[in-house]
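Single-structure report; data block below.
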Amino acid sequence: MSALDAQITKSAVLLEALPYMQSFRGCTFLIKVGGSAMEDPVQVDTFLRDVVFLEAVGINPVIVHGGGKAISKAMTESGLQAKFINGMRVTDDETIKIVEETLARVINPEIVNKINAFGGKAVGVPGTEVFVGEKMKGDLGWVGEVNDCRLGLIQAAVAGEFVPVVSPVARELDSGKTLNVNADLAACALAKRLKATKLIFLSDVRGVMRDPKDDSTLIPSLDEASIARLKAENIISGGMIPKVDSSLDSLRGGVGKVHLIDGRLPHALILEIFTDGGIGTEIHL
């Protein structure tokens, strides 16, 4: 390909993206990032450059991040053993301190600083200032579920053209104690309260696939009826069930569309949002 042909190709890409930029200007996108998508610094940098791009074209990104692997590592370094019940981290008094410290002093500021370094504007928002929760029943310790979201800091950040970066911890309404909450569920709760145009899950999964070992079997679009069929066929199973269920709940709560994409793919956000084909699974009502 000649230099001129390459330039023409770039122009075509920009023109394909243009109607999406125009239609999404001023819209709020809630982006949840977690899993292996947060482990590789190169992948994190690529994702955060995409976030800066969204901000630059007039979209309002809001990030909710996970931190499970970093928290487990910090626990090991402190001589504590991570324990899980039904996929939920048992969070005793010592563990909740490590959860708070890892999220507030390591993961959250790292994301904020990188966005700022790439020319964007970001601000860290402790989840305890946003999520109101209650302690879950059982032997999980300081693990909670989100009952409500306080939007003041989020709205102020967006109004100031900052990207809010929110950690997955909640404030228990009765005691004021910090609760460890599932980042996926926290993202869903906040997306509903914000009436986000899009809720985007970046993880280490391509989306919903008929055969998890074959990327060519990716299902690009799902609605409630097709999800029910795929559950009955056992194609949607295991950990994908709560993800699609919470996606449907978000849509019923006012979210426009939900996207499941693989954050390990370079510029996954841009490819999903600004191209006709997309690269993940889109869920809609």
Side-chain angles (χ1 to χ4, degrees), residues 9-38 40 43-64 184 187-188 191 194-227 229-230 235-236 239-241 243-252 254-285:
T9 299
K10 289 179 182 179
S11 298
V13 170
L14 289 171
L15 288 172
E16 181 181 346
L18 178 60
Y20 298 104
M21 294 178 186
Q22 291 172 321
S23 63
F24 294 141
R25 177 175 289 276
C27 295
T28 297
F29 289 7
L30 195 294
I31 305 165
K32 187 269 172 176
V33 58
S36 297
M38 292 183 64
D40 184 336
Q43 292 170 358
V44 172
D45 286 359
T46 302
F47 155 63
L48 294 178
R49 287 183 188 276
D50 287 359
V51 170
V52 172
F53 182 87
L54 297 185
E55 181 190 18
V57 298
I59 293 167
N60 302 318
V62 178
I63 296 175
V64 173
D184 282 358
C188 288
L194 290 170
K195 304 297 183 188
T197 301
K198 290 185 182 295
L199 169 58
I200 303 166
F201 290 99
L202 272 88
S203 66
D204 48 12
V205 178
R206 284 291 305 274
V208 178
M209 294 184 288
R210 292 188 175 277
D211 180 355
K213 298 178 181 179
D214 184 354
D215 287 349
S216 69
T217 65
L218 177 74
I219 302 171
S221 182
L222 291 171
D223 59 15
E224 194 164 4
S226 57
I227 286 171
R229 287 196 301 272
L230 292 172
I235 291 171
I236 293 179
M240 188 57 74
I241 291 176
K243 195 173 288 285
V244 297
D245 285 348
S246 59
S247 297
L248 289 173
D249 178 66
S250 299
L251 293 167
R252 298 186 195 107
V255 172
K257 287 184 179 179
V258 179
H259 301 258
L260 311 180
I261 63 176
D262 189 343
R264 299 169 301 177
L265 295 175
H267 301 296
L269 267 179
I270 301 298
L271 291 169
E272 178 67 12
I273 295 167
F274 296 116
T275 65
D276 296 335
I279 49 90
T281 297
E282 174 186 275
I283 303 176
H284 58 90
L285 290 179

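In this text the structure is predicted, and so the values were computed from the model without any measurement.
Rounding to the nearest 0.5 Å places OG of Ser203 at 8.0 Å from CG of Asp184.
Between the side chain of Thr28 and the main chain of Ala196, no donor-acceptor pair closer than 3.5 Å is present.
When all heavy atoms are compared, the tightest approach of Gly263 to Leu202 is CA-CD2, 3.8 Å. Of all the heavy atoms in Gly256 and Leu251, the pair that sits closest is O-CD2, 3.4 Å. Residues Ile241 and Ile236 come closest through the heavy atom pair CG1-O, 3.8 Å. Minimum heavy-atom separation, Thr197 to Cys27: OG1-CB, 3.3 Å. Residues Gly280 and Ile261 come closest through the heavy atom pair CA-CG2, 3.9 Å. The shortest heavy-atom contact between Pro61 and Leu54 is CG-CB, 4.0 Å.
By the side chain to side chain contact (heavy atoms under 4.5 Å, CB included) test, Ile235 is found to be paired with Arg210, Leu230, Glu233, residues two or more places apart in sequence or in another chain being considered. Legend: residues meeting side chain to side chain contact (heavy atoms under 4.5 Å, CB included) with Val57, ordered by chain and number and at least two apart, are Met21, Phe53, Ile59, Phe274. Every residue meeting the salt bridge (charged side-chain N to carboxylate O under 4.0 Å, His left out) condition with Asp262, not counting sequence neighbours, appears here in chain and number order: Arg264.
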Output, in order, the C-alpha distance, side-chain angles, deciding distance and verdict of side chain to side chain contact (heavy atoms under 4.5 Å, CB included) for Leu218 and Val208.
CA-CA 6 Å; Leu218 177 74; Val208 178; 5.9 Å; no

Can you list the steps and then say if Leu48 with Ile63 is a side chain to side chain contact (heavy atoms under 4.5 Å, CB included)?
CA-CA 10 Å; Leu48 294 178; Ile63 296 175; 4.3 Å; yes

Go through the steps to decide whether Val44 and Val33 satisfy the test side chain to side chain contact (heavy atoms under 4.5 Å, CB included), and finish with yes or no.
CA-CA 9 Å; Val44 172; Val33 58; over 6 Å; no

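Within the structure, side chain to side chain donor-acceptor pair (under 3.5 Å) contacts touching residues 267-281 (residues at least two apart or in different chains) are Tyr20-Asp276, Asp50-His267, His259-Glu272. For residues 214-224, the pairs satisfying salt bridge (Lys or Arg N to Asp or Glu O under 4.0 Å) are Arg206-Asp215, Glu224-Arg252, with sequence neighbours left out. Every pair tested for salt bridge (Lys or Arg N to Asp or Glu O under 4.0 Å) that includes a residue from residues 13-31 fails, sequence neighbours excluded, so the list is empty.
The side-chain heavy atoms of Glu55 and Val51, taken from C-beta on, include no pair separated by under 4.5 Å. Side-chain contact between Ile200 and Leu30 is absent, with no heavy atoms from C-beta onward closer than 4.5 Å. The side-chain heavy atoms of Lys243 and Leu260, taken from C-beta on, include a pair separated by under 4.5 Å.
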